[in-house]
Amino acid sequence: MSINHAAVDRLIDSMSFTQKVGQLNQRLFGWKSVERNAAGRLVASDELKQEIDRWGGLGALYGLLRADPWSGQHWGNGIRPEERPEAVAVVQQTVLERGAHGIGVLLSEEAPHGHQALGGAVLPTNLGLGATFDSQGVQEAEAAVAAELAASGIHIALVSGLDIARDPRWGRCEECFGEDPLMASRMCEAIVTGMQGEHRSKVGRGGVAVVLKHLAAQGEAVGGRNGQSAVLGPHDLHEIHLPPVAAGVRAGALGFMAAYNDIDSVPCCANPWLLEDYLRDQLGFDGIVMADGLAVDRLEDMAGSIPAAGRAALLAGVDVSLWDEGFARLEEYVDDEQVAAAVDTALRRVLELKAMFGLLPEDGADTAAIAMPDADAIAQATADGREQAKRMAREAITLINDGQSAATLDDIRSVIADAQAGPVIVAGPFADDFGCFLGDYTAPLPADEQSSVYRQLVARLGEDRVLLAAKPSDAPADQWARASTVVFVCGSTSERSYDSEFDDNGAAKAVTEYGATCGEGVDLSDIRLPWRQDDMLGEVAALTTAPIVSVAVCGRAHVLTDVLERSAVTIWAGYAGQYGPQAVADVLVDGADMSGRLPVTLPAYPAAIPVRYNDRQSAAHVYKDAAEPILRGFGYGAGSLAAVTFSEMHADTQSHPGEVLVQVTAHADDHGAAGAVNLFAHVSGGRRIPRLAMLVDSVYMDLNAGERRDIAFHVPCDRLRDVGDGQVQVTCTLDGDSTHTVTATLPGEY
């Protein structure tokens with residue numbers, strides 16, 4: 001929908017200062033804005049009415065449809081999918097009726113890996129999506145999520161994507177696409193294009209506005225401590241943490257969320273260089289900046305008071321608050337010319353975004369004519385989203401170990417397929433667990449849609465063939481002796497219970513002995529598998545001679561050294577979403593290929609961290625008690641592409657000015673293959689210590705059996721910015737063992 005800028009200006013001129021400030025506030029928890037009357041119908045709550053009356057309208061409302069333990073909303077009391085149209089209509093009509101200018105409210109929802117609402121499709125978390133290295137697939141999946149949101153009457157999707165997993169102690173690693181800035185950039189571009197359409201073509205037309213989070217460098221926080229200081233120089237900030245931001249702007253993102261952390265002592269939501277000089281002036285961003293939840297109020301110590309905190313954030317470039325009091329206290333600065341001017345600037349951005357969704361009254365009308373949700377469209381979009389979730393779960397599964405003992409994955413598949421072979425024992429703490437696959441920021445799913453690796457194997461092999469042993473003692477010794485295969489499901493979980501304790505921003509506050517071991521608020525000093533799972537696996541190995549397949553369900557780079565040593569086969573599943581258990585069973589029973597690649601480096605020891613593939617100095621042979629600190633490197637995947645051979649690799653620096661063209665020929669075997677082929681560069685001859693490697697291009701390919709195909713990598717010279725006249729060595733890594741290398745010299749300075 002086009003923006004009538006003159007109409008926006010007239011609206012601004014007609015508003016009081018209080019009404020203007022009200023349009024910048026997002027104070028309410030949306031699930032508290034409606035309640036049920038005696039007849040069970042949804043009606044506006046007094047809290048919603050009071051907020052509208054206070055400001056003469058409402059700027060944005062967060063989480064109307066959100067359901068999870070923090071909100072307290074579930075299938076017994078929350079808004080069901082079929083009730084979404086009613087809930088949205090109640091809120092919008094109440095805002096229009098009680099507001100002073102006939103302006104609708106922007107509805108924002110969490111969508112880090114699917115819509116966090118009852119009935120929403122649950123994609124793999126970003127770490128799982130990162131393992132696909134398939135940005136086109138992510139774009140299609142996010143388009144389906146956006147269609148569900150838009151059909152539900154939602155305007156803004158809050159989506160993680162900017163964070164880089166630099167320290168596995170950080171609980172929010174699951175929200176990162178991995179440790180690499182190029183892959184995060186491509187995935188952010190995919191999010192924005194999928195949800196907003198090319199050139200924002202779907203905004204207000206079946207798509208939503210994306211607010212990318214978190215800006216910036218949150219993954220660099222000291223010690224992996226959530227929201228704490230990022231201590232890094234401007235070069236590494238630009239090279240590691242800001243490329244996804246620039247990619248989001250290029251793709252047309254309509255919003256960014258300022259993070260909790262500070263960068264070299266300056267909080268992100270009060271950083272005028274970050275939010276104005278860089279984001280707006282340098283990149284040309286023209287959308288809204290939203291503060292993270294209560295981040296403005298956290299500025300109180302710096303600013304001296306809550307009102308001053310609101311002023312500092314506003315003047316630094318924040319346009320919209322989230323739950324805080326700081327922006328609500330901007331009324332106290334009615335005579336402050338700087339604040340007045342900044343309020344008008346932020347208000348214009350908010351109203352222009354509202355105009356895109358038809359939330360402003362047309363010329364001559366008293367109120368906006370707001371299109372209401374469509375139940376059939378919601379159902380169709382949700383069904384499409386589930387199909388995308390199934391596909392992305394399959395792509396996320398990554399083979400990181402095969403044939404450690406005499407048995408290979410193919411051998412194990414043959415044994416599983418043999419109905420006369422001994423029992424298949426599914427063991428480990430997550431053997432019959434569903435929530436471990438879902439990650440943080442997930443609404444509860446109905447019981448009949450929940451599954452587990454154990455239940456999936458029972459469905460395919462029968463109850464007589466598959467035994468459950470969450471603990472080694474759960475199965476008798478004779479069954480362990482007869483077992484043909486053991487599937488050990490281990491890892492971590494971000495699942496919260498409805499009796500969990502939370503901080504005021506929704507982060508986990510207290511974690512019980514067997515509670516969440518990952519997610520926001522669950523930073524760990526020890527990244528070994530929790531609950532002594534290594535010891536449990538050792539007990540299992542002592543009870544049986546059967547080959548062990550370990551399935552690692554992980555939201556961070558846990559230490560899996562013992563798991564690899566004791567397992568014939570190890571599969572890394574990330575948090576693969578609601579169809580994760582099915583994807584694992586597809587691999588074990590149906591012989592599905594695994595195209596995933598590790599999006600993070602797996603450390604071999606819990607204290608030899610952090611280790612990243614693109615560090616400047618190797619950690620090998622530094623620690624005398626941990627000489628080889630890397631267990632598996634970034635991009636490792638021994639799956640379907642392992643059987644592809646490559647030849648005729650060469651580099652061309654002449655044909656395409658400003659880039660290095662690297663070409664290689666791929667040959668598929670008689671089974672075909674799918675997955676990402678990654679090109680890494682090592683740079684020498686520059687002005688800085690070079691990184692050990694940099695991912696400079698990635699091509700996702702799907703080869704038919706016996707197919708031969710030429711692959712071209714296009715590497716812009718500015719990705720090799722510190723070379724000068726030196727040599728560029730470009731290494732194409734095809735899997736964990738096979739490497740092709742070509743060296744090129746860049747043509748002069750650039």
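The first residue of the sequence shown is numbered 1, and numbering continues consecutively from there.
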message: Going by salt bridge (Lys or Arg N to Asp or Glu O under 4.0 Å), name the residues that satisfy it together with D586, two or more places apart in sequence or in a different chain.
response: R460

Pairs involving residues 556-607, ordered by first then second residue, that meet ring pair (Phe, Tyr, Trp, His ring centres under 6.0 Å) (sequence neighbours left out): none

Heavy-atom side-chain contact between I527 and R169 under 4.5 Å: yes

field: Those residues that, when tested against F488, pass ring pair (Phe, Tyr, Trp, His ring centres under 6.0 Å) (two or more places apart)
entry: none

message: A side-chain contact here means heavy atoms from C-beta on lying under 4.5 Å apart; do K390 and Q582 qualify?
response: no

field: Any side-chain heavy-atom pair of V559 and P603 under 4.5 Å
entry: yes

- request: Apply salt bridge (Lys or Arg N to Asp or Glu O under 4.0 Å) to E239 and R616, showing your working.
  value: CA-CA 13 Å; E239 193 165 80; R616 289 195 167 84; 3.6 Å; yes

- prompt: Sequence neighbours excluded, which residues qualify as ring pair (Phe, Tyr, Trp, His ring centres under 6.0 Å) partners of F434?
  reply: none

message: With salt bridge (charged side-chain N to carboxylate O under 4.0 Å, His left out) as the rule and sequence neighbours excluded, what pairs involving residues 558-571 come up?
response: none

- request: Tell me, with the steps shown, if F430 and Q533 meet side-chain contact (heavy atoms from CB on, under 4.5 Å).
  value: CA-CA 10 Å; F430 300 111; Q533 291 179 66; 4.1 Å; yes

- prompt: With sequence neighbours left out, which residue pairs that include part of residues 184-193 fulfil the side chain to side chain donor-acceptor pair (under 3.5 Å) condition?
  reply: R186-D697

query: Is the shortest distance from a Lys or Arg side-chain nitrogen in R556 or D523 to a carboxylate oxygen in the other one below 4.0 Å?
result: no

- request: Decide side-chain hydrogen bond (donor to acceptor under 3.5 Å, both in side chains) for N614 and R166; before the verdict, give the C-alpha distance in whole Å, the side-chain angles of both, and the deciding distance to 0.1 Å.
  value: CA-CA 10 Å; N614 54 4; R166 302 293 287 173; 3.0 Å; yes

Side-chain heavy-atom pair E220, D236 within 4.5 angstrom cut-off: no

